[in-house]
Each structure stands twice: as structure tokens, then as C-alpha cells.
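To start, the structure under review is shown below, and the notes come after it.
Quick note on labels: first sequence line is chain A, next is B, and so on, each numbered from 1. Values in this document were obtained by computation on a predicted structure and should not be read as measured data.
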Amino acid sequence: MDDKTVDEIFTRALSTPTLFTNKTVLRPDYVPSRLPFRQAQVTALGEALAPVLRGFIPSNLLLYGKTGTGKTAVTRRVLTPLGQRTTHTTVPVSVAYSNTRMAGTEYRVLAELATALSLRVPFTGLAVTELFHRILLRIAEVKSHVIVVLDEIDFLVKNYGDETLYDFTRAGEKLSDGHISLIGISNDLKFKELLDPRVLSGLNEEEIMFPPYTADQLKTILTERAQSAFLDGTVTDAAISLCAALAASEHGDARRAVDLLRVCGEVAQREGARHVDESHVRAAMQRIEQDRMVDALKSLPLHQKLVLVAAVFSHSNSSTGELYDDYMALCRRAGSEPLTQRRVSALLTELDLLGLLSVRVVSQGRYGRTKKVNPLVSADFVTEILAPDPSVGGLLVHWPTK
DNA sequence: CGTCCACAGGAATGACGGGCGG
DNA sequence: CCGCCCGTCATTCCTGTGGACG
């Protein structure tokens, strides 16, 4: 690519009319300087952690609320300035954050925490307990007060139990130098029931609730964001109201609301529209949903794709047994060894969780108990997305539509 | 009212590729 | 290089079960 082409690209980018003035404020990780309707939580968290600046030990905390209710934003908002002040404190304070669901496994959670403490650890290869031990050694070595933030902590407990959590709450006693404070962030309100009482009492010294945003509150939030993100007056009030209403109907999730606002702006811009209105919001809803499906579909392992293909081409309400037969036929054509029915049953459940299939368990009395499966995506859609896939694309060319 | 279908879904176990420390 | 541990995906074996049929 020569300089002229690059120049043209930039010129075009500059000359294309834009609706946006500052798109970064619509990014999911953007934390605004003011968090509307969360002042109480900011204050509570700030006051709970303030003692650490004077060398005292703050309580462990649990933050509760559904997704998109501002838990992570409030935590960032409070911890970032805290981290900046700690150079003047008597005891060094550091913050180690991990989103346990993003991390995926217990090991990777600990690895992230270690990295946050400038401790280099291998990607894999160590025992979890060994990794934990190294983190404690590190903390003792730097004599630091570490605030460990475990985001989506319910994920960790559901999949790996509360042992690590227990170790964390106990760690303070083992350490002669340094200390650990825990901040647990949970999306699940029933999370406490999963915990061993000993762990709960250690972790839940103080708790902060995050109620869902109402439609009105979301509207205020979106209006504020729209003012800094878009050119004045480009987003209609009706569009913002609709974004707010749609997000409010799905648990008052601000992240989704802002996401929706960003995408509908993009839709409008691509259309060359001068204003963002309700039609763009509806189009954005569909686009977000479709993108999610495409991503989910593409990243499926081979056999899960085959199971999905069997399901979307089969008649409605097909049972596990029927689908298993279809699936085995597909495997034969693909020249691939079929998995067991047990495994296929589990794959069906996973596809349900991904929103690609609807699976419900029904009992037909004398005729047994099975899953009834209905596709949530069309056969054409699946064909289109998977056609370029070398492993299954060929199977879709002349698949008989029954 | 018991039987029995056609599976559900938990638990244990293992194969595999990757990566460590010694 | 070995022995160990990891996560992931799978198998095998198993017990459990809602409700139509007889």
C-alpha cells in the first residue's frame, strides 16, 4: 500500500459525515467520572476502604447486584484513585483485580492476581495450591496490603467451590507481613447460599447492594452519555427512551443500554441518516442478537456444530434419540467417529444455554422421558454461517430438507 | 396403582496436549 | 529428559424419574 492510498483512506474518514464526537464514552469498559444513582454505593465502598490509607485493615466486602447495575464501575471508580494515593501511605497498598468468569478457571484467576502483583507465573503447569502459595510469599515479601477484587465471584464458587475463597479469608492470619482484603462482586443474589458458613462470615463483613436501574434512571444515564458521544441533537429523545425501555425490561442492565445506544448510532451512521431514531434502535437490537449468534456458532467445536446442524434440519420437537440418529448419519458423511448419546445430550444442553436451540425436558409417560429440541436459528442462517467451514461446510450443500 | 419407557444427568475416570521444575 | 500437574473433552457406569399404559 503506497502513501497515496493511505492518504485517501484518511481523507475519506475525515470527510465522511459523522454522528459521533467521542465514541469512547460508549465503550463497555468506560467509567464515567460521575456515576448517577450510585452515589450511595460509591460512598459506602470508599468509607469501607478508607482505613487502609492509615494502615488499618478494612473489612472484606461483598457487592451484590445483577449484571449492568454498576458494580464493576463503582469498584473501578473507587479503587483507581485509591491506588494513586497509596504512594504516601505507610504501608504500600496494591489492588489485584480478576474477573473470574473471564479468566475461566481457578488457575487463571490466581494467575491474573499474581500478574497484578508483578509476579510472573507460568500460564499452566503449577498446582493451584502452589500458585496460591507463591502469591502469599510475594505479598509477604513486599509487605504490602493487597486488595483482591474477585469479579463475578459466583462463577468461581459454582464451578470450583469455595475452598480458594476460604484460603483467601484465612490468608491474613498466616501472613506476618502484609495483608489481604477481599472484595467479592456477585451477579447472583442467592450466591451466599452456596458458601460454607465459615467462608461467608469471613467474606461478608460488609455488603453493598446494587439494585437494577429503572427505565427513567437508564434514560438519564443514556442522555448524559449521548451528550458526550454524539453531535448535539442527533439522537432523538424517542430513541433514547426506547433504548432505556428495552434495557429496563431486561433487568435494568446499563451495559446493555449503552451498548444498544452505540450500535444504533453505528446503524444510523452507516445509513447516512442525520438523526438516530427508534427504527435504528430496533435494527440495533436485531444486529446485536445476530452478532451474538454468529460468534457463538462459529466458535463451536466440530461435533457441537454437527449436533446443531442435525437439530436445525430436523422436524420440530425432535427428541434426543431422533437427533442422535441424524447426528450419526452426519458423522458418517463427514467421516468422523460419533460421540456417545450421553455426550450429545450434554451438547444439546450447552446449545440451549447459548440460545441457539430451545431444549426442554418432557416426560411422555409410557413413552419415556426425553429432551424436546427446537431450533432458535433458521437452517438458512446456519448454512450461511457454516458454509465456509471446511469441516462441515461440505455437508450442507445438498442436505435433504425433510 | 404399579410398571416401565427413554432418556436425564451426576460421578468417576481417562486420554491428550501443554508446560513447568529439577 | 522425567514426573507431575493443568484444562478440556470425552467415555463408562450409574441411579433417578414423570406420567401414560395396563
Side-chain angles (χ1 to χ4, degrees), chain A residues 98-115 117-138 141 150 152-165 167-168 193-194 295-311 314-332 334-354 356-375 389 391-392:
Chain A
S98 176
N99 182 310
T100 66
R101 194 174 52 80
M102 296 294 193
T105 68
E106 202 170 24
Y107 186 91
R108 290 208 282 262
V109 168
L110 291 179
E112 272 188 11
L113 298 179
T115 307
L117 299 172
S118 319
L119 174 63
R120 281 182 55 87
V121 292
F123 290 109
T124 174
L126 297 181
V128 171
T129 47
E130 166 64 17
L131 186 47
F132 188 81
H133 200 70
R134 287 194 192 186
I135 291 175
L136 292 192
L137 282 178
R138 172 73 183 182
E141 182 192 328
L150 295 175
E152 306 203 42
I153 194 172
D154 44 320
F155 173 89
L156 186 71
V157 173
K158 276 173 195 158
N159 292 283
Y160 297 93
D162 54 8
E163 238 173 84
T164 303
L165 228 46
D167 291 342
F168 265 122
E193 294 168 16
L194 300 172
D295 285 350
L297 223 154
K298 278 185 181 163
S299 58
L300 253 28
L302 170 64
H303 284 274
Q304 201 149 14
K305 283 177 185 158
L306 294 175
V307 171
L308 180 69
V309 168
S314 183
H315 60 84
S316 58
N317 267 325
S318 31
S319 67
T320 305
E322 288 165 341
L323 285 182
Y324 188 63
D325 291 342
D326 291 357
Y327 157 79
M328 282 201 294
L330 277 173
C331 283
R332 264 197 299 281
S336 174
E337 204 55 35
L339 304 177
T340 57
Q341 183 168 313
R342 173 74 188 86
R343 184 62 190 138
V344 169
S345 171
L347 293 181
L348 284 170
T349 307
E350 282 175 35
L351 288 169
D352 177 293
L353 254 39
L354 288 169
L356 295 168
L357 296 179
S358 136
V359 173
R360 70 207 157 87
V361 179
V362 296
S363 182
Q364 299 162 300
R366 199 34 278 270
Y367 305 104
R369 205 161 166 263
T370 184
K371 287 188 168 94
K372 287 293 182 191
V373 179
N374 284 295
D389 189 320
S391 50
V392 295

Taking atom [atom2] of [N] as reference, at what distance in whole Å does atom [atom1] of [X] sit?
{"X": "A/R360", "N": "B/dA8", "atom1": "CZ", "atom2": "C1'", "answer": "15 Å"}
{"X": "A/D352", "N": "B/dG9", "atom1": "CG", "atom2": "P", "answer": "10 Å"}
{"X": "A/L110", "N": "C/dG7", "atom1": "CG", "atom2": "C1'", "answer": "14 Å"}

Taking every non-hydrogen atom, the tightest pair across [X] and [Y]:
{"X": "A/R360", "Y": "A/N317", "result": "NH2-OD1, 3.4 Å"}
{"X": "A/L308", "Y": "A/L300", "result": "CD2-CD2, 4.2 Å"}
{"X": "A/L323", "Y": "A/A311", "result": "CD2-CA, 3.7 Å"}

Please tell me if the side chains of [X] and [Y] come closer than 4.5 Å, counting only heavy atoms from C-beta onward.
{"X": "A/L348", "Y": "A/Y324", "value": "no"}
{"X": "A/V373", "Y": "A/D352", "value": "no"}
{"X": "A/N374", "Y": "A/L357", "value": "no"}
{"X": "A/F168", "Y": "A/L113", "value": "yes"}

Enumerate all atom pairs, one protein N or O and one N or O from nucleotides 8-11 of chain C, separated by less than 3.5 Å.
unit_1 : atom_1 : unit_2 : atom_2 : d
C/dA10 : OP2    : A/R343 : NE     : 3.2
C/dA10 : OP2    : A/R343 : NH2    : 3.1
C/dT11 : OP1    : A/T340 : N      : 3.2
C/dT11 : OP2    : A/T340 : N      : 3.1
C/dT11 : OP2    : A/T340 : OG1    : 2.8

* Is any side-chain N or O of A/K371 closer than 4.0 Å to OP1 or OP2 of B/dG9? ->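 A/K371 to B/dG9 OP1/OP2: side-chain N or O found under 4.0 Å.
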* Asked: Does A/S319 put a side-chain nitrogen or oxygen below 4.0 Å from OP1 or OP2 of B/dA6?
  ->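 Indeed not, no polar side-chain atom of A/S319 lies that close.
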Enumerate the protein-to-nucleotides 18-22 of chain C contacts in which both atoms are nitrogen or oxygen and the separation is below 3.5 Å.
unit_1 : atom_1 : unit_2 : atom_2 : d
C/dG18 : O4'    : A/S363 : OG     : 3.4
C/dG18 : N2     : A/G365 : O      : 2.9
C/dG18 : N3     : A/S363 : OG     : 2.7
C/dG19 : N2     : A/G365 : O      : 3.3
C/dA20 : O4'    : A/R366 : N      : 3.3

* If you look only at pairs with a residue in residues 338-351 of chain A, which of them pass as a side chain to side chain donor-acceptor pair (under 3.5 Å), with sequence neighbours excluded? ->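 Qualifying pairs, neighbours excluded: A/Q304-A/E350, A/S345-A/K371, A/T349-A/K371.
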